[in-house]
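Working notes, structure below.
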Protein chains: 2
Amino acid sequence: MNKTYSISDLAKEFAITTRTIRFYEAEGLLCPQRNGQTRIYADHDRVSLKLILRGKRLGFSLAESKELIELYDPQSGNTRQLQTLLTKIQERRDALNEQLKDIQAMQLELNQAEQRCREASKK
Amino acid sequence: MNKTYSISDLAKEFAITTRTIRFYEAEGLLCPQRNGQTRIYADHDRVSLKLILRGKRLGFSLAESKELIELYDPQSGNTRQLQTLLTKIQERRDALNEQLKDIQAMQLELNQAEQRCREASKK
DNA sequence: ACTGACGTTTACGTTAACGTCAACTTAATA
DNA sequence: TATTAAGTTGACGTTAACGTAAACGTCAGT
């Protein structure tokens, strides 16, 4: 299909402001095509935005999300050393596994909190 | 045991600064006992700190971590409405499940990135 | 030709989460 | 007793991640 999107298209879809999208570009996380001055976003820009926002939900900084985007970049195979890439991927995976543990621990404690709560309501 | 800790004990253990610990107190996330001016931390303060730091790793704001601490607070059964508490607990659980999905999606994509990377290295 | 919606850049403001002094008190140690 | 070492409270500085406002261009519809 190779659809394109305006800046407000993406802003609406992801419930963020256009200011935010331009800011991400200024930080080097996006680089859309231009028609004159106007930005034109392609599917891969939309994917990048998705990655950024998911990263945010997981507590990543924009700098970290930038690295993530580069991992998915089809060009990166040419421009960067593959071994470096594989290392970064593994680092990210390890970090995610740590987060998984944190989440599981938190889930456990939420269960316990609920138990205590239900006990208390039985008087 | 009912051990107690100095502010620098906790700072060392969790690899944060004393300034940070005092800041959390100023924000209402901790309220240690005092011996005169000096702060004395008990086990439950240490637990609260753990919760805060885990929250941070999961991208929670201090305000959110504060709510979490209140969930684990033994007093909360008396002071707050139990139904409200149960609702909050469920909200937190839902949020964690969303994070889980994000993590799984990211893991999947990391695997794909690794694949592409290994393909490229085979030339 | 005018209006209104959408786009642009530039610049300054804001909030959260601390860091960094400074100036002081108290506790322990040589 | 002098001096570290560790604690305290203020006050101001800093960084990331945007928000807000000004001042302007562009184009479709009336």
Side-chain angles (χ1 to χ4, degrees), chain A residues 3-42 45-46 48-70 92 95 99 102 106, chain B residues 3-42 45-46 48-70 92 95 99 102 106:
Chain A
K3 260 198 79 179
T4 66
Y5 311 85
S6 76
I7 192 168
S8 49
D9 285 345
L10 294 182
K12 265 175 215 163
E13 177 175 0
F14 295 112
I16 57 182
T17 68
T18 60
R19 173 69 180 95
T20 298
I21 295 178
R22 289 193 203 98
F23 177 73
Y24 292 159
E25 179 177 348
E27 296 295 302
L29 291 125
L30 296 172
C31 44
Q33 295 297 108
R34 298 265 185 155
N35 181 3
Q37 279 204 127
T38 307
R39 284 162 244 254
I40 298 177
Y41 297 86
D45 295 314
R46 192 167 157 280
S48 293
L49 238 185
K50 268 193 185 178
L51 290 176
I52 297 169
L53 298 177
R54 189 164 65 201
K56 286 202 63 176
R57 291 196 298 272
L58 293 173
F60 290 31
S61 72
L62 291 187
E64 289 174 312
S65 289
K66 189 177 173 183
E67 279 213 355
L68 270 175
I69 289 173
E70 287 163 8
R92 278 286 131 229
Q99 278 205 324
D102 280 332
M106 207 171 263
Chain B
K3 262 198 76 178
T4 65
Y5 312 85
S6 77
I7 192 168
S8 49
D9 286 344
L10 294 182
K12 265 175 215 163
E13 177 174 359
F14 295 110
I16 57 182
T17 68
T18 59
R19 174 70 181 90
T20 298
I21 296 177
R22 288 192 203 98
F23 176 74
Y24 291 158
E25 179 177 349
E27 296 295 301
L29 290 123
L30 295 172
C31 44
Q33 295 296 107
R34 298 264 185 155
N35 181 2
Q37 279 201 128
T38 306
R39 285 162 243 254
I40 297 177
Y41 297 87
D45 295 313
R46 192 167 157 280
S48 294
L49 239 185
K50 269 193 185 180
L51 290 176
I52 297 169
L53 299 176
R54 189 163 65 200
K56 286 202 63 176
R57 290 196 299 273
L58 293 174
F60 289 32
S61 71
L62 292 186
E64 289 174 312
S65 289
K66 188 177 176 184
E67 279 211 356
L68 270 175
I69 290 173
E70 287 164 9
R92 278 285 132 231
Q99 278 205 324
D102 281 331
M106 207 171 263

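Chain identifiers are assigned alphabetically (A, B, ...) following the order of the sequence lines, protein sequences preceding nucleic acid strands; residue numbering begins at 1 within each chain. The shown structure was predicted, so the numbers you read here are calculated from the model rather than taken from an experiment.
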In whole angstrom, give the distance that lies between atom CD of B:Gln33 and atom P of D:dG7.
17 Å
Tell me the interatomic distance from A:Arg34, atom CZ, to C:dG7, atom C1', rounded to whole angstroms.
10 Å
Rounded to whole Å, how long is the line connecting atom CZ of A:Arg22 with atom C1' of C:dT8?
7 Å
So how far is it from B:Ile40 CD1 to B:Asp9 CG, rounded to the nearest 0.5 Å?
11.0 Å
Test side chain to side chain contact (heavy atoms under 4.5 Å, CB included), reference A:Ser48, set A:Leu30, A:Leu29, A:Leu53, output is A:Leu30
Rounding to a whole Å, what distance do you find between B:Ile40:CD1 and D:dG7:C1'?
12 Å
For B:Asp45 and B:Pro32 the tightest heavy-atom approach is OD2-CA, 3.8 Å
Identify each atom pair where a protein N or O and an N or O of nucleotides 19-23 of chain C are less than 3.5 Å apart, giving names and distance.
residue: C:dG19; atom: OP2; partner: B:Thr17; partner atom: OG1; Å: 2.7
residue: C:dG19; atom: OP2; partner: B:Thr20; partner atom: OG1; Å: 2.9
residue: C:dG19; atom: N7; partner: B:Arg19; partner atom: NE; Å: 3.4
residue: C:dG19; atom: O6; partner: B:Arg19; partner atom: NH2; Å: 3.1
residue: C:dT20; atom: O4; partner: B:Arg19; partner atom: NE; Å: 2.9

If you take all heavy atoms of A:Thr18 and A:Ser8, which pair is closest and at what distance?
CG2-CA, 4.3 Å
Quick check: do A:Met106 and B:Leu68 have side-chain heavy atoms less than 4.5 Å from each other?
yes
B:Tyr41 versus B:Leu49: any side-chain heavy-atom pair under 4.5 Å?
no
Please write out each protein N/O paired with an N/O of nucleotides 14-17 of chain C under 3.5 Å, distance rounded to 0.1 Å.
residue: C:dA17; atom: OP1; partner: B:Leu62; partner atom: N; Å: 3.0

For atom CD of B:Glu27, decide whether the heavy atoms of other residues, nucleotides or ligands shown that lie under 6.0 angstrom number more than 12.
yes
Protein-nucleotide distance (A:Gln37, atom CD; C:dT8, atom C1'), rounded to Å
5 Å
Count the heavy atoms of every other residue, nucleotide or ligand shown that sit under 6.0 Å from CD of B:Glu13, and state whether that count exceeds 12.
yes
Which atom names give the shortest non-hydrogen contact between B:Arg57 and A:Gln99, and what distance separates them?
O-NE2, 2.9 Å
Could you check if a side-chain atom of B:Phe60 sits within less than 4.5 angstrom of a side-chain atom of B:Arg92, using non-hydrogen atoms only?
yes
Where along residues 4-12 of chain A does a heavy atom come under 4.0 Å from DNA chain C, residue by residue in number order?
A:Ser6, A:Ile7, A:Ser8
Nearest heavy atoms of B:Ser65 and B:Ile52, plus distance in Å:
OG-O, 3.9 Å
